[in-house]
Amino acid sequence: GAVVSQHPSRVICKSGTSVKIECRSLDFQATTMFWYRQFPKQSLMLMATSNEGSKATYEQGVEKDKFLINHASLTLSTLTVTSAHPEDSSFYICSADPGTLYQETQYFGPGTRLLVL
Amino acid sequence: DAKTTQPTSMDCAEGRAANLPCNHSTISGNEYVYWYRQIHSQGPQYIIHGLKNNETNEMASLIITEDRKSSTLILPHATLRDTAVYYCIVRVAADSSYKLIFGSGTRLLVRP
């Protein structure tokens, strides 16, 4: 149980284009999903917290107009990197929390590797 | 900023117990300690979490000191597949939700 998928697993795009990454919880509903970014040889950095049906909460320094997050259902959140540039190249990882009474635990997707040329 | 500090790297022999320490001296009374691990180029995998009491599951044991300022993750019989970066994380409250703030983690190498 507690499986989270991401699509695509890797994407290469040209500078200036937009890229959409999907995060799905496959066997549970998630009221809260999280988006992280990880640069090579670095730790995960939280970008934003996404609640179903409401606006995402972005971490300091993360541009909300550049990284658009939509959490339209209890099983799907999307991250759109708008007007991507080479410095946006990174490993993007989502997580989802089933929100059970017993434990609040995030289950992570496999990640999406983005390369902007 | 992460509220935890961990050794940069450790190693252990296959079949032996791996004991990974973590310091979280500024932890608050209602903040949980979580452990995740990340194998290269994959998403983090949940291992275990706890508040005050020691916890055990099929993957590992978590020993939390009485003052809650440190903890140890124990992999009882390490295998080569346990080679990964292990993150000790304090879950902090945030608005109406919470955050997991990842630190640098410990790179564990299990030797044959």
Side-chain angles (χ1 to χ4, degrees), chain A residues 1-6 9-10 21 23-25 28 30-62 71 90-100 102-113, chain B residues 1-9 20 22 28 30-53 55-60 62 64 73 84-108:
Chain A
V3 178
V4 176
S5 70
Q6 282 184 241
S9 58
R10 57 177 60 231
I21 302 170
C23 176
R24 293 181 184 272
S25 55
F28 64 95
T31 55
T32 308
M33 288 185 170
F34 303 81
W35 286 95
Y36 296 80
R37 180 168 52 180
Q38 185 175 32
F39 292 107
K41 298 187 178 181
Q42 294 187 21
S43 187
L44 281 76
M45 288 179 49
L46 179 65
M47 298 176 68
T49 301
S50 166
N51 290 297
E52 187 264 339
S54 64
K55 292 183 179 180
T57 301
Y58 290 81
E59 293 300 297
Q60 193 171 6
V62 178
H71 193 161
S90 188
F91 191 46
Y92 291 86
I93 311 171
C94 74
S95 68
D97 184 339
T100 61
Y102 172 65
Q103 59 183 21
E104 290 179 311
T105 300
Q106 293 182 28
Y107 295 94
F108 285 80
T112 297
R113 191 162 300 280
Chain B
D1 290 340
K3 298 182 72 169
T4 61
T5 56
Q6 299 176 252
T8 302
S9 63
L20 290 86
C22 178
S28 297
N30 60 350
E31 293 177 335
Y32 283 75
V33 178
Y34 282 72
W35 283 83
Y36 283 81
R37 71 181 182 184
Q38 185 178 28
I39 296 170
H40 183 62
S41 295
Q42 298 181 24
Q45 177 188 22
Y46 167 77
I47 301 174
I48 200 167
H49 75 284
L51 182 62
K52 296 180 182 178
N53 299 322
E55 302 286 345
T56 296
N57 63 21
E58 64 278 4
M59 289 183 69
L62 174 59
I64 303 174
L73 178 74
V85 178
Y86 286 77
Y87 294 101
C88 169
I89 303 161
V90 170
R91 190 186 81 194
V92 298
D95 298 324
S96 58
S97 183
Y98 69 93
K99 299 181 188 180
L100 298 180
I101 308 299
F102 282 74
S104 302
T106 295
R107 187 172 297 276
L108 175 68

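Order of the sequence lines fixes the chain letters, A, B, ..., with proteins taken first and strands second; residue numbering starts at 1 for each chain. Bear in mind the structure is a predicted one, so any value in this text is a computation, not a measurement. Basis for what follows: all heavy atoms, side chains included, without hydrogens, waters or symmetry-related copies.
Aromatic pair A/Phe108/A/Tyr36: centroids less than 6.0 angstrom apart.
Relative to the six-membered ring of B/Tyr34, B/Arg91 misses at least one condition, a distance below 6.0 Å or an angle of at most 45° to the axis.
Each of A/Leu44, A/Ile93, A/Thr32 has some count of heavy-atom pairs under 4.5 Å with chain B, and the biggest count is that of A/Leu44. Of all the listed residues (A/Cys94, A/Pro110, A/Ser95), the one sharing the greatest number of non-hydrogen pairs under 4.5 Å with chain B is A/Pro110.
Checked options B/Trp35, B/Tyr86, B/Tyr36; the residue passing with B/Tyr46 is B/Tyr36 (criterion: ring-ring contact (aromatic ring centres under 6.0 Å, His included)).
Of the atoms belonging to B/Tyr98, heavy atoms from both backbone and side chain fall under 4.5 Å from chain A. B/Gln38 touches chain A through its side chain: at least one heavy atom from C-beta onward sits under 4.5 Å away, while N, CA, C and O do not. Using a 4.5 Å cut-off between heavy atoms, A/Gln6 does not touch chain B at all.
More than 12 heavy atoms of other residues, nucleotides or ligands shown are found within 6.0 angstrom of CE on B/Met59.
Within the 3.5 Å criterion, the main-chain N or O of B/Cys88 finds a donor-acceptor partner in the side chain of B/Gln6.
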